[in-house]
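Worksheet: the structure to be examined is printed underneath.
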Protein chains: 2
Amino acid sequence: MMSFDTDLRGLVGYNVKRANSSLLVGVGKVLKPFGLRRTTYSALSVIAQNAGIKQSDLAQVLAIERPNLVQILDELQKPGLIERTRDANDRRAYRLTATTAGIEKIAAAAKKLRAFDEHLTKGMAAEERAALIAALRRVEENGAEAWEGREIGQVSTT
Amino acid sequence: MMSFDTDLRGLVGYNVKRANSSLLVGVGKVLKPFGLRRTTYSALSVIAQNAGIKQSDLAQVLAIERPNLVQILDELQKPGLIERTRDANDRRAYRLTATTAGIEKIAAAAKKLRAFDEHLTKGMAAEERAALIAALRRVEENGAEAWEGREIGQVSTT
DNA sequence: TATTGTTATACTCTATAACTATA
DNA sequence: TATAGTTATAGAGTATAACAATA
């Protein structure tokens, strides 16, 4: 007896994709009551931990293109969760800081999201969960390396 | 010394998302020469392994909504990689089969994609890679369970 | 010249409602 | 009535080119 997708299920990439899709709905439901999406949550989390971070640095940390960050920050600034202030030394740049409301918001949302996230590894030992995260970061690094460098698919076909 | 995203990096969900994003570009580059995308590759792979599968069953296997499958199959049918034939017993349903060209296409693409996919787990032992895939499937199951059932975030806050 | 933030745009993936033809 | 496939549509996420202001 064999399932319908044995070939696909042997691929790390396919299982990452399926896990991500499966996550999306739940994360959305957790964040919705806070008026946040995945991207706005991530941005607010980093800003709260790094008061005064520049937009371009934030974009790099989150691996989001600068143009795509604009709307995300607008969405956080409008309800007063963050503030954009001009840098004194470089008047091109904005410095981002979370307001008190923003810090309270991310703390409350993080509590719920962590509970959901731990539910995702239900039945796994703490070391397994840590190993999973470590492995995912390896995949992320290897994936980035693959298209930064030379051609792909030339991986020792001899 | 501490990185900018320690909170986010403690979440399995965030690392899954980052790994998936990192994968996307490379997979796209590998599949492009074959005229395939991630979704068309997945569909063709399952059809090739399951001659005569119905569209609705394929949608369920791939966890894709039926409407979204239509365009994917059009994209495979136009260049003659698959065929849609009416079911004799149920004239509402289509039976999907891969053509010879489709089977050759998926075989060639799979070879390249597997090489890339193995590159993603470079430096990991075979058991680690297998454990990663198993863990991802657990995450996928737990994620689906979370939003099928009752409220989320009520996970033993006592 | 190069960089910061921005606008405009486009492509992919995903999700829902409503239609048609068959059952 | 229920199901299979379809159409239309809308929301996210992601990517690139080009611009104004500033360095």
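Since the model is a prediction, treat every value here as computed from it, not as a measurement. We name chains A, B, ... by the order of the sequence lines, and we start the count at 1 in each one.
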### Message
Looking at every heavy atom in both B:Val27 and B:Arg38, which two are closest together, and how far apart are they?
### Response
CG1-CG, 3.6 Å
### Task
Establish whether A:Leu76 and A:Ile103 are linked, either directly or via other cluster members, by ILVMFWY side-chain heavy-atom contacts under 4.5 Å.
no
### Message
Once you apply a heavy-atom cut-off of 4.0 Å, does A:Gln55 come out as touching a base, just sugar-phosphate, or nothing?
### Response
sugar-phosphate
### Query
If each of A:Lys17 and A:Leu73 is mapped to the nucleotide of DNA chain C with the nearest heavy atom, which maps nearer the 5' terminus, i.e. the 5' end?
A:Leu73
### Message
Checking contacts here: which listed nucleotide (C:dT16, C:dA15, C:dA8) is nearest the side-chain heavy atoms of A:Pro67?
### Response
C:dA8
#### Entry: B:Asp57 with B:Arg95: basic N within carboxylate O range, under 4.0 Å
no
### Pair B:Asn15, A:Glu140: side-chain N/O donor-acceptor within cut-off below 3.5 Å
no
### Query
Between A:Ala88 and A:Thr40, which has a closest nucleotide on DNA chain D that is more 5'?
A:Thr40
### Message
Does this structure show an ion pair linking B:Glu118 with B:Arg129, if we count only N-O contacts that are shorter than 4.0 Å?
### Response
no
### Query
Looking across every strand, which nucleic acid part, if any, lies under 4.0 Å from A:Asp87 by heavy atom: base, sugar-phosphate, or nothing?
nothing
### OP1 or OP2 of C:dT12 under 4.0 Å from side-chain N/O of B:Thr39
no
#### Entry: Touch class at under 4.0 angstrom, heavy-atom based, for A:Arg84 against every strand present
sugar-phosphate
### Message
With hydrogens left out and only the distance checked, is there a donor-acceptor pair under 3.5 Å joining B:Arg91's side chain and the base of C:dT22?
### Response
no
### Query
Heavy atoms under 4.0 Å, any strand shown: does A:Asn68 hit a base, just sugar-phosphate, or nothing?
base
### Query
Starting at the 5' end of DNA chain C, which residue's closest nucleotide do you reach first, B:Gln71 or B:Glu65?
B:Gln71
### Task
Under 4.0 Å from any heavy atom of chain A: name the first and the last nucleotide of DNA chain D that qualifies, 5' to 3'.
D:dA12 to D:dA23
### Message
Categorize B:Arg95 for me: base, sugar-phosphate, or nothing, with a 4.0 angstrom heavy-atom threshold over every strand shown.
### Response
nothing
### Task
Look at A:Lys112 together with A:Asp117 and state whether they make a salt bridge at an N to O cut-off of under 4.0 Å.
no
